[in-house]
Q: 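Have a look at this one before I ask anything.
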Amino acid sequence: MRYAGLIVLIALVAAAAIGWRLLRYPGQWRHAFGGEYDEHRRDLDSARDRLTSLQRDAKREHRTAASGVDAAATAYRRRVRDAEARLAALRDPGRGNPRGELGALRLHQYTLQVTTGGRTGEYPLDELSIRPDPAGAETHVHLILPKGRQQMLPFPREEYPEAAVRAFVADVHDAVAAAKRAKAEREALIPEAEADLAEAVADTAGQQHAKRQLADVEARHEADPRIPEARRELDAARDRWHHLTGRRPR
């Protein structure tokens, strides 16, 4: 059975090869395989090969130029995107890394989250102040939020030792100071980042150059007489084969 399958496979491959050759050199068996027609087949092959080679080279050159346009556009978008991201980060760095938490308070590098009554507010550190306020069995944390709003949060000492509350408040104090310094540093860099973004948006030279190269390639191909000549030569070779065999090849 294994040998039978191999024989069938060989037969199928041979049949496909014969069919391809008969399609390539249409007519009778002798036209496709006979030695007396070798020169005529070479004539047809030569015309086909020349046109195929010229078209392949033209497509490759056009593809390279078109890829240059795509690459230039990608580089432009990346540069603009990076400049936008840098400017956005300078204007708003987000909450930053987590720094600790105490009950309803969660400290991040640039913000403080406050959860009361099932609702959470998040405030920039550079716009708030905090202090501890011991009172009876509780240690209160007094917050002055943006726009002067005030909030008092109780921390029962049996659950939150006063030392822990004071340590957390000190961490917030330090984070507030660091956030204010970082904000000043960011604000000093914003004009430069805005200028970089404007320059990135305006700089289309790379794209224009790539488009000019593509246009030059297309214009040169349009004016190149070789491919039309090769098509005419192939048509003439097909005519000769048709006259010889009565069948016109593709």
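Since the model is a prediction, treat every value here as computed from it, not as a measurement.
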Q: Under the 3.5 angstrom rule, does the side chain of His62 hit a backbone N or O of Glu218 as a donor-acceptor pair?
A: no

Q: Could you go step by step and tell me if Glu36 and Arg30 meet the salt bridge (Lys or Arg N to Asp or Glu O under 4.0 Å) rule?
A: CA-CA 8 Å; Glu36 68 271 26; Arg30 68 179 187 276; 5.0 Å; no

Q: What do the steps show when you test Gln113 against Thr120 for side chain to side chain donor-acceptor pair (under 3.5 Å), and what is the final call?
A: CA-CA 7 Å; Gln113 288 181 320; Thr120 299; over 6 Å; no

Q: Between Glu84 and Leu87, is there a side-chain heavy-atom distance shorter than 4.5 Å?
A: no

Q: Is a side-chain donor-acceptor pair under 3.5 Å present for Thr139 with Glu162?
A: no

Q: Checking Thr116 against Gln151: is there a side-chain donor and acceptor pair closer than 3.5 Å?
A: yes

Q: Can you check whether Arg149 reaches Ile144 side chain to side chain, under 4.5 Å on heavy atoms?
A: no

Q: Would the distance check show the side chain of Arg186 and the main-chain N or O of Arg181 forming a donor-acceptor pair, the cut-off being under 3.5 Å?
A: no

Q: Are any of the side-chain heavy atoms of Leu234 and Arg48 separated by less than 4.5 Å?
A: yes

Q: Please list all pairs passing the ring-ring contact (aromatic ring centres under 6.0 Å, His included) test where one or both residues lie in residues 89-135, with sequence neighbours left out.
A: none

Q: Are the side chains of Asp43 and Arg240 in contact, using a 4.5 Å heavy-atom criterion?
A: yes

Q: Please check this pair: side chain of Ser53 against backbone of Asp49, looking for a donor-acceptor N/O pair closer than 3.5 Å.
A: no

Q: Does Asp235 pair with Arg238 as a salt bridge, N-O distance under 4.0 Å?
A: yes

Q: Could you tell me whether Arg41 and Asp38 have a side-chain N and a carboxylate O separated by less than 4.0 Å?
A: yes

Q: Report the C-alpha distance between Asp126 and Lys183 in whole Å, list the side-chain angles of each, state the deciding distance to 0.1 Å, and finish with yes or no for salt bridge (Lys or Arg N to Asp or Glu O under 4.0 Å).
A: CA-CA 8 Å; Asp126 57 276; Lys183 182 178 181 179; 3.1 Å; yes

Q: Who passes ring-ring contact (aromatic ring centres under 6.0 Å, His included) against His40, sequence neighbours left out?
A: Tyr37

Q: Between Pro134 and Arg166, what is the shortest heavy-atom contact and its length?
A: CG-NH2, 3.1 Å

Q: Rounded to the nearest 0.5 Å, how far does NE2 of His242 lie from CG of Leu44?
A: 13.0 Å

Q: Does the distance from a Lys or Arg side-chain N to an Asp or Glu carboxylate O, for Glu127 and Lys147, drop under 4.0 Å?
A: no

Q: Using a 4.5 Å cut-off on heavy atoms from C-beta on, say whether the side chain of Val141 contacts that of Asp133.
A: no

Q: Hey, does the side chain of His31 reach the backbone of Gln28 with a donor-acceptor pair shorter than 3.5 angstrom?
A: yes

Q: Are Leu145 and Val172 joined in one hydrophobic group, where the rule is that I, L, V, M, F, W and Y side chains link up if heavy atoms are under 4.5 Å apart?
A: yes

Q: What orientation do Tyr25 and Trp241 show, parallel under 30°, tilted 30 to 60°, or perpendicular over 60°?
A: tilted

Q: Run Lys59 and Arg56 through side chain to side chain contact (heavy atoms under 4.5 Å, CB included) and show every step you take.
A: CA-CA 5 Å; Lys59 287 180 181 178; Arg56 182 175 58 247; 5.8 Å; no

Q: Test side chain to side chain contact (heavy atoms under 4.5 Å, CB included) on Leu107 and Phe168 and set out the steps.
A: CA-CA 9 Å; Leu107 176 63; Phe168 182 81; 4.0 Å; yes

Q: Would Leu143 and Leu153 count as a side chain to side chain contact (heavy atoms under 4.5 Å, CB included) here? Give the steps.
A: CA-CA 8 Å; Leu143 291 171; Leu153 286 81; 3.8 Å; yes

Q: Walk me through whether Glu194 and Glu199 qualify under side chain to side chain contact (heavy atoms under 4.5 Å, CB included).
A: CA-CA 9 Å; Glu194 290 175 336; Glu199 180 182 346; over 6 Å; no

